[in-house]
Visitor: 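Please see the structure below; I have some questions.
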Amino acid sequence: MVIAGTGDPATPYEWGPKLTAQLKTGVLVTYKGEGHGAYLSGDACVKKVTDAYLLEGKVPAEGTTCPA
């Protein structure tokens with residue numbers, strides 16, 4: 001799972017889809033918010049998707065987007 005933020009000043013969003021394409025089983029999650037570090041942004045959607053992936057092995061659906 002790759003989380004890419006549309007308003008990340010340190011890591012351009014375009015890198016997220018490119019990295020996902022390089023992974024054999026990568027899934028992109030788009031965070032439409034500002035700042036670097038989407039998980040720590042306090043966004044409930046990002047937290048839910050990330051926790052489900054890390055704690056339960058649940059892969060998010062292709063095209064998952066978390067609005068800010």
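Counting from 1, the numbers follow the sequence of the chain as shown. Everything numeric here is computed off the predicted structure, so don't read it as measured data.
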Visitor: Just grab all the side-chain hydrogen bond (donor to acceptor under 3.5 Å, both in side chains) pairs involving residues 43-52, residues at least two apart or on different chains.
Guide: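 For residues 43-52: Y39-D51, K47-D51.
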Visitor: Report the residues that fulfil side-chain contact (heavy atoms from CB on, under 4.5 Å) with K32, sequence neighbours left out, ordered by chain and then residue number.
Guide: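 In terms of side-chain contact (heavy atoms from CB on, under 4.5 Å), with neighbours along the sequence ignored, K32 is linked to T6, T30, T65.
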Visitor: List the residues meeting side-chain contact (heavy atoms from CB on, under 4.5 Å) with A44, not counting sequence neighbours, and say none if there are none.
Guide: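 side-chain contact (heavy atoms from CB on, under 4.5 Å) list for A44, sorted by chain: empty.
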Visitor: For the residue pair A10 and H36, what are the closest heavy atoms and their distance?
Guide: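 Closest approach of A10 to H36: CB-ND1, 3.6 Å.
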Visitor: Could you state whether L19 and L54 fall into the same hydrophobic cluster, counting links through intermediate Ile, Leu, Val, Met, Phe, Trp or Tyr residues with side-chain heavy atoms under 4.5 angstrom apart?
Guide: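 No; tracing contacts between hydrophobic side chains, which count when under 4.5 Å, never links both residues.
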Visitor: Residues in side-chain contact (heavy atoms from CB on, under 4.5 Å) with K18, at least two apart?
Guide: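 Applying side-chain contact (heavy atoms from CB on, under 4.5 Å) to K18 gives none.
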Visitor: If you take all heavy atoms of G16 and V2, which pair is closest and at what distance?
Guide: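 Looks like O-CG1, 4.0 Å.
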Visitor: So, for A38 and Y31, which heavy atoms are closest and what is the spacing to 0.1 Å?
Guide: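 Answer, listing the atom of A38 first, then Y31: CB-CD2, 3.6 Å.
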Visitor: Write out all pairs satisfying disulfide bond (SG atoms under 2.5 Å apart) with one or both partners inside residues 39-68, taking only residues at least two apart or from two chains.
Guide: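 Qualifying pairs: C45-C66.
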Visitor: Tell me, please, which residues at least two apart from Y53 pass side-chain contact (heavy atoms from CB on, under 4.5 Å).
Guide: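 Applying side-chain contact (heavy atoms from CB on, under 4.5 Å) to Y53 gives M1, V59, P60.
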Visitor: Please give me the minimum heavy-atom distance between V46 and I3, naming the atom from each residue.
Guide: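 It is CG1-CD1, 4.0 Å.
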